[in-house]
There are 2 protein chains.
Amino acid sequence: MDKFFQFIQPFTHLGQASKEALVNIAQRWELPKGHLLVQAGTVCHYLYFIEAGLTRTFYDKDGKEVTDWLSAENSIACSIVSFITRKPDIRSIELLEPSILWALPYQPLENLYRQYHEIERLGRLMVSDGLVQLQQRFDDLHFATASQRYQKLLQSHPTFLQRVPLGMIASYLGVTQETLSRIRAQV
Amino acid sequence: MDKFFQFIQPFTHLGQASKEALVNIAQRWELPKGHLLVQAGTVCHYLYFIEAGLTRTFYDKDGKEVTDWLSAENSIACSIVSFITRKPDIRSIELLEPSILWALPYQPLENLYRQYHEIERLGRLMVSDGLVQLQQRFDDLHFATASQRYQKLLQSHPTFLQRVPLGMIASYLGVTQETLSRIRAQV
DNA sequence: CTGATTTTTTGATAAATGTCAAAGGAAATG
DNA sequence: CATTTCCTTTGACATTTATCAAAAAATCAG
């Protein structure tokens, strides 16, 4: 879990006891490309830290798959609304690459929140960070043109272009595959 | 602060000490319509609970004001990204009605997070709720047509139509005022 | 009450993007 | 290496929504 503890370091400091408690509930999963972490219509029971690999959160819209989020190594993947509300959600999560994950199960994590103030704090700061990220994505969708959004993604996640099919990137950016293809042709 | 404590009740239970600590840092503000709570380009230093009134979060886009969020009585208003990141943000918040607010200043609140596990927990759960709300708004913008979004808003906040000018509602829904006017004419 | 201001509606036109269809490339598999 | 499958591009056209402009309606202040 070294990578995970590195990942959370900017959020808050954890004492030895908290760290050990987290290690005790975390499960290391090594899964092949294509594996479905979360199935649409079910409750998401785990928060996933991606040590290596790539995940894609998506949902069905009128028979077409829309990519909602992409997470690469050293980041979190989760069907957040479902995980928080404990209700089924339309989102599925699949692996776009063979991946190594650390899965934190909901209830044990909740227990740690109660038990360790430090971990509750970590939770608050991680959710806050998620909120900021989502707001910025939201702003982009409001503010920027599809072309600008594409440029931004190129800057922030240059590897995605090689790792994720264009159609998935297109729906992530909120346009059709054809439109994104034309945007690229112009640049 | 009764209304505030009622508001947070669904999130978590607070003991007497935590409640008193919150009361001690909260400031009761009574402000007229048009007052600017947060100025674009500055850091948001307070989390506002609205006891009575109505606020509007907005930003400038190419010389036009875009409404980002609307908050009525018994809810929270805050320039969230700025409040969390401690950086200036493009968003302003103004009062659309004379309002009674409880303002929770950032640093004292942070201190209470450290001091009271209960309050840290409350913070985590409130941010989580904010994340869910934002995600649902995001989904709407992806999923629903402008017309459906308008219908939803009518259902969830029927009073907004009387209280908020159409142009602000239009940009909140992500369309121009003219388009929203036409949508209404069709129904 | 009345003129001024703000808000909402309506019309004509332009721009952006989606849809449908098909062809061209790239990558994977036996 | 040949063939199938998946991914990407291109074209023609339809649809949606924005933009610009102006009229109509509602609201506010003296």
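Proteins come first, then strands; the chains are lettered A, B, ... in the order of their sequence lines, and each starts at number 1.
Atoms CG (Leu96(B)) and C1' (dT6(C)) sit 15 Å apart, rounded to a whole Å. Summarising the geometry, the separation between CD on Gln177(B) and C1' on dT6(C) is reported as 10 Å, rounded to the nearest angstrom. We find that CG of Leu141(B) is positioned 12 Å from P of dT17(D), with the value rounded to whole Å. Distance CG (Leu161(B)) to C1' (dA26(D)): 15 Å, rounded to an integer number of Å. Taking atom CZ of Arg184(B) as the reference point, atom C1' of dT9(C) lies 9 Å away to the nearest angstrom. Atom CG in Leu166(B) sits roughly 13 Å away from atom P in dT27(D) (whole-Å rounding). One atom, CD of Gln162(B), and another, C1' of dT7(C), lie 15 Å apart when rounded to the nearest Å.
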With the sugar-phosphate defined as primed atoms, P, OP1 and OP2, and the base as all remaining atoms, what B/S/- string results for nucleotides 13-30 of chain C, 5' to 3', for protein heavy atoms under 4.0 Å?
----SSBBB---------
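A salt bridge (Lys or Arg N to Asp or Glu O under 4.0 Å) check over residues 3-28 of chain A, counting only residues at least two apart or in different chains, returns the pairs Arg28(A)-Glu30(A).
Hydrophobic clustering, with ILVMFWY side chains joined whenever heavy atoms are under 4.5 angstrom apart, keeps Trp69(A) apart from Leu173(A).
Contact check on Arg121(A) versus Glu110(B) returns a salt bridge, with a Lys/Arg side-chain nitrogen under 4.0 Å from an Asp/Glu carboxylate oxygen. At a threshold of 4.0 Å, the pair Asp68(B)-Arg91(B) counts as salt-bridged, since one of the basic side-chain nitrogens sits closer than that to a carboxylate oxygen.
Ring centers of Tyr106(A) and Tyr46(A): at least 6.0 Å apart, outside the cut-off.
A side-chain donor from one of Glu120(A) and His117(B) sits under 3.5 Å from a side-chain acceptor of the other.
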